[in-house]
Student: 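Sharing a structure with you now.
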Amino acid sequence: LSSRASTILSALDILSSKEQPGVYDGEWKGTGEIFESICPTTGEVLARIHSAEPQELHEALDKTREAFISFRTVPAPQRGEILRQIREALAAKVFHLGALVSLEMGKIRTEGVGEVQEFVDICDYAVGLSRMMNGRVVASERPGHSILEVPNPLGVVAVLSAFNFPIAVYGWNLALSLAAGNATLWKPSPSTPLCSIAITKIISRVLERNGIPGAVAGLMTGGKDVGAAVVESQNVDLVSFTGSEAVGRVVGKRVQTRFGKVLLELGGNNASIIMPDADLSLAVPAVFFGAVGTAGQRCTSTRRLYLHRTIAPDFLSRLQKLYASVRAGDPLEDSTLLGPLHTQAAISIYSDAIKHLQDTDAEILIGGKRYDDAPLKNGNFVQPTIAIPKILDPKNQIWSTETFAPILNAAVFDDIDQAIEWNNAVPQGLSSSLWTRDLKNVGKWIGPAGSDAGIVNVNVGTSGAEIGAAFGGNKSTGWGRESGGDAWKQYVRWSACTINFSDKAPLAQGVNFPT
Ligand code: NAD
């Protein structure tokens with residue numbers, strides 16, 4: 001193992017290239033299938049992880065249920081105090097955890113650290129929430145009666161997460177789930193097991209110190225089969241799934257079939273619209289970050305760019321200059337702006353999309369190839385690409401599918417209605433961004449005839465949300481909401497309680513049922 005990888009792993013108490021257990025339910029175990037964590041920058045094997053055997057999986061699910069039964073009666077502000085300690089423990093390791101994200105997932109260090117910071121931020125939020133998860137008192141029509149809406153802990157929450165945010169997505173879920181009094185079992189992406197092991201180790205120490213069962217925040221590494229078994233389990237009350245539309249469709253149906261609760265955070269296909277009055281000195285760098293940041297592997301990455309005819313040539317020439325200056329390389333180096341794609345399979349997805357663009361006479365303004373010189377050829381590096389497709393039909397795969405790579409397709413429009421129509425014409429509805437200084441455009445964009453996405457920004461790019469608002473998308477993005485806003489309300493079991501404190505027992509709606 002390279003010395004830089006060893007340094008990061010040992011700082012986080014992870015056994016470098018040795019085999020290690022990938023299941024935690026109060027104790028570390030795992031005698032199932034072995035899978036590898038591979039560095040996308042160098043191709044080196046960082047570690048070999050033992051997934052769970054079916055028996056271990058069932059045991060872990062049972063232990064998670066048991067942990068819930070003891071944890072649900074811990075008062076919410078005390079749960080908040082545990083979250084505060086988790087926050088402190090994570091904050092102390094932010095830099096190393098961020099480096100681990102860069103090492104294992106491939107995003108550049110500032111973005112890696114940023115995603116750990118997001119976990120810290122949502123812990124802060126959930127500490128506050130632990131004293132504010134309020135129910136309601138509702139006026140009753142019957143004398144001497146009160147109606148309460150009471151939030152109680154829900155049960156076992158399974159978090160199935162994607163490779164591209166190997167820490168933050170779990171953070172959004174765990175913080176709310178723990179504040180709500182649930183036990184959470186995490187099934188991370190099979191290609192980012194080390195991030196999940198490092199986080200689980202940090203959290204388990206805090207739980208242990210507080211005498212809380214470890215299975216309150218358990219871990220179950222593994223692939224599709226382990227994920228499917230968790231989703232099927234009657235022991236799981238809420239499945240919070242983040243991943244592709246294809247897998248989300250299967251997961252959604254399975255959970256629905258057993259009448260479980262499901263929260264889906266699926267693919268995005270996000271557009272930026274640039275009006276003629278936009279401040280291009282802000283819009284051009286924002287589109288650059290949106291399309292090239294995380295090498296185009298954010299669910300909120302900018303994939304579609306709609307330019308008003310009057311500013312299109314100027315915008316594209318400025319954007320191309322930024323693309324030409326991009327520094328690809330080791331995501332752990334401060335000067336790098338573009339890290340690798342996460343897997344080799346993603347290179348084929350990128351190449352196939354470029355080929356389809358070429359086959360349909362699109363103009364490739366810049367990019368379109370793999371970096372095949374040393375040292376980048378050892379990793380999964382591809383050039384960020386801007387294309388002007390000839391096909392404008394929004395239903396065509398060029399516009400309607402999420403290609404998880406740094407490809408930005410651009411088109412020219414003449415009026416805002418056309419641009420909004422294109423923005424809304426795709427199956428996905430995650431993020432969207434309008435650049436304008438005209439209040440009338442803003443009103444239209446955020447109103448009933450505006451963007452149909454879950455995130456509707458103005459003079460802010462499509463990616464890089466804060467934790468305070470509920471995060472998520474509509475349509476085939478799955479309608480889920482996580483993180484801030486009212487998202488916590490999904491992690492509790494709501495009880496409507498009518499209490500009679502009178503000497504009579506009248507029926508509602510004046511119903512008369514004499515006995
Ligand atoms: P993926 O769908 O391949 O995998 C996601 C998770 O599902 C993994 O943990 C995987 O092991 C598991 N899984 C696979 N098959 C399963 C099955 N049959 N049953 C249960 N679990 C199964 O996604 P990915 O490639 O890791 O991530 C990229 C995708 O995630 C992109 O589409 C991206 O837009 C999306 N994403 C969405 C958000 C959001 O908040 N909307 C955030 C991050 C990523």
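As the structure lists them, so they are numbered: ligands from 1, and atoms in each ligand from 1. As a basis for the values below, the full set of heavy atoms in this structure was taken, side chains included, without hydrogen atoms, waters or symmetry mates. Numbering starts at 1 and runs along the sequence shown.
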Student: Can you tell me which portion of Thr242 lies within the under-4.0 Å heavy-atom range of ligand 1? Options are side chain, backbone, both, or neither.
Tutor: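 Both of them.
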
Student: Output the list of atoms in ligand 1 that are nearer than 4.0 Å to some heavy atom of Gly268, sorted by atom number.
Tutor: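 In order of number, 34 (O).
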
Student: If we set the cut-off at 4.0 Å for heavy atoms, which region of Ser161 has an atom near ligand 1: side chain, backbone, both, or neither?
Tutor: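 The backbone, only.
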
Student: Taking the side chain as C-beta and beyond, is there a heavy-atom pair between Glu232 and Val255 under 4.5 Å?
Tutor: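 No, side chains not in contact.
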
Student: Can you label the angle between the Trp422 ring and the Tyr306 ring as parallel, tilted or perpendicular, going by 30° and 60°?
Tutor: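 Ring orientation of Trp422 relative to Tyr306: tilted.
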
Student: Who's the nearest protein heavy-atom neighbour of atom 41 (N) of ligand 1, and how far?
Tutor: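 In this structure, atom 41 (N) of ligand 1 has Leu266 O, 2.8 Å as its nearest protein heavy atom.
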
Student: Could you check whether Ser432 and Ser451, counting side-chain N and O atoms only, form a donor-acceptor pair closer than 3.5 Å?
Tutor: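 The answer is yes; a qualifying pair exists.
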
Student: Between Glu402 and ligand 1, which part of the residue brings a heavy atom under 4.0 Å of the ligand: side chain, backbone, both or neither?
Tutor: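 For Glu402, only side-chain atoms sit under 4.0 Å from ligand 1.
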
Student: Within the side chain of Ser189, is there an N or O that forms a donor-acceptor pair under 3.5 Å with the backbone of Ala162?
Tutor: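 No.
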
Student: For the 3.5 Å polar cut-off, considering only N or O atoms, please tell me whether Ser244 and ligand 1 meet it.
Tutor: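 Yes; at least one N/O pair falls below 3.5 Å.
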
Student: Have a look at Gly243, Pro190, Ala162, Ala346 and point out the one with the heavy atom closest to atom 35 (C) of ligand 1.
Tutor: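 Among Gly243, Pro190, Ala162, Ala346, the closest heavy atom to atom 35 (C) of ligand 1 belongs to Gly243.
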
Student: Rounded to the nearest 0.5 Å, what separates atom NZ in Lys63 from atom CG in Asp25?
Tutor: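 Answer for the NZ-CG pair, Lys63 versus Asp25, is 4.0 Å.
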
Student: Strictly less than 4.0 Å: does any protein heavy-atom distance to atom 11 (O) of ligand 1 fall in that range?
Tutor: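 Neighbour list for atom 11 (O) of ligand 1 includes protein heavy atoms (cut-off 4.0 Å).
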
Student: Less than 6.0 Å separating the ring centroids of Phe119 and Phe165?
Tutor: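 Here the rings of Phe165 and Phe119 have centres that are no less than 6.0 Å from each other.
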
Student: Is a side-chain N or O of His96 found less than 3.5 angstrom from the main chain of Ile8, in a donor-acceptor match?
Tutor: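 Flag not set: sc His96 to bb Ile8 has no pair under 3.5 Å.
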
Student: Go through ligand 1 atom by atom and flag the ones less than 4.0 Å from a non-hydrogen atom of Gly227.
Tutor: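 Answer for ligand 1: 19 (N), 20 (C), 21 (N).
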
Student: Tell me which protein heavy atom sits closest to atom 28 (C) of ligand 1, plus the residue, atom name and distance to 0.1 Å.
Tutor: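 Checked against all protein heavy atoms, atom 28 (C) of ligand 1 sits closest to Phe404 CE2, 3.8 Å.
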
Student: Report the part of Val251 (side chain from C-beta onward, or backbone N, CA, C, O) that has a heavy atom under 4.0 Å from ligand 1; answer both or neither where that applies.
Tutor: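 Side chain only; the backbone of Val251 stays clear of ligand 1.
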
Student: With only distance considered, is Phe241 within less than 3.5 Å of ligand 1 through an N or O on each side?
Tutor: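 Such a contact does not occur with ligand 1.
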
Student: Are there more than 12 heavy atoms of other residues, nucleotides or ligands under 6.0 Å from atom CD of Glu44?
Tutor: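 Result for CD/Glu44: enclosed.
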
Student: Show the atoms of ligand 1 that are less than 4.0 angstrom away from any heavy atom in Ser189.
Tutor: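 Matching atoms, with element in brackets: 9 (O).
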
Student: For atom CZ of Phe95, is the number of surrounding heavy atoms from other residues, nucleotides or ligands below 6.0 Å larger than 12?
Tutor: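 Open.
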
Student: What is the nearest protein non-hydrogen atom to atom 40 (O) of ligand 1, stated with its residue, atom name and distance?
Tutor: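 Ranked first by proximity to atom 40 (O) of ligand 1 is Phe471 CE2, 3.1 Å.
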
Student: For Pro188, is the nearest heavy atom under 4.0 Å from an atom of ligand 1?
Tutor: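 Pro188: in contact with ligand 1 (<4.0 Å).
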
Student: State which residue, out of Gln428, Glu402, Glu245, fulfils the side chain to side chain donor-acceptor pair (under 3.5 Å) condition with Asn269.
Tutor: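 When side chain to side chain donor-acceptor pair (under 3.5 Å) is applied between Asn269 and each of Gln428, Glu402, Glu245, only Gln428 qualifies.
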
Student: Can you report which non-hydrogen protein atom sits closest to atom 18 (N) of ligand 1, along with the distance?
Tutor: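 The closest heavy atom on the protein side is Lys224 CG, 3.7 Å.
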
Student: Say whether Phe163, considering both its backbone and side-chain N or O atoms, lies within less than 3.5 Å of an N or O atom on ligand 1.
Tutor: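 Right, the criterion is met.
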
Student: Among all protein heavy atoms, pick out the one at the shortest distance from atom 36 (N) of ligand 1; state its residue, atom name and that distance to 0.1 Å.
Tutor: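 Of the protein heavy atoms, Cys299 CB, 3.6 Å lies nearest.
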
Student: Does Arg254 reach ligand 1 with a nitrogen or oxygen that is under 3.5 Å from one of the ligand's nitrogen or oxygen atoms?
Tutor: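 N/O-N/O distance below 3.5 Å does not exist for this pair.
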
Student: Is it the case that ligand 1 has an N or O less than 3.5 angstrom from some N or O of Asn164?
Tutor: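 No; every N/O pair is 3.5 Å or more apart.
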
Student: So between Val247, Ile455, Leu430, whose heavy atom ends up nearest atom 17 (C) of ligand 1?
Tutor: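 Shortest heavy-atom distance from atom 17 (C) of ligand 1: Val247.
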
Student: Fit a plane to each ring of Trp186 and Tyr170, take the angle between them on a 0 to 90° scale, and name the class: parallel (under 30°), tilted (30 to 60°) or perpendicular (over 60°).
Tutor: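 Taking Tyr170 first and then Trp186, their aromatic rings lie parallel (interplane angle under 30°).
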
Student: Taking Arg303 for the side chain and Ala405 for the main chain, is one N or O donor matched with an acceptor at less than 3.5 Å?
Tutor: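 Indeed, once roles are kept as given, a pair shorter than 3.5 Å links the two residues.
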
Student: Would you check whether Lys187 has a nitrogen or oxygen atom less than 3.5 angstrom from a nitrogen or oxygen atom of ligand 1?
Tutor: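 Yes: some nitrogen or oxygen of Lys187 is under 3.5 Å from one in ligand 1.
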
Student: Which of the numbered atoms in ligand 1 are below 4.0 angstrom from a heavy atom of Leu160?
Tutor: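 Reading through ligand 1 atom by atom, the close ones are 20 (C), 21 (N).
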
Student: Has the side chain of Asn182 got a donor or acceptor atom that lies under 3.5 Å from a matching backbone atom of Thr184?
Tutor: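 No.
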
Student: Give the atom numbers and elements of ligand 1 that come within less than 4.0 Å of a heavy atom of Ala228.
Tutor: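 Going through ligand 1 atom by atom, the ones under 4.0 Å from Ala228 are 19 (N), 20 (C).
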
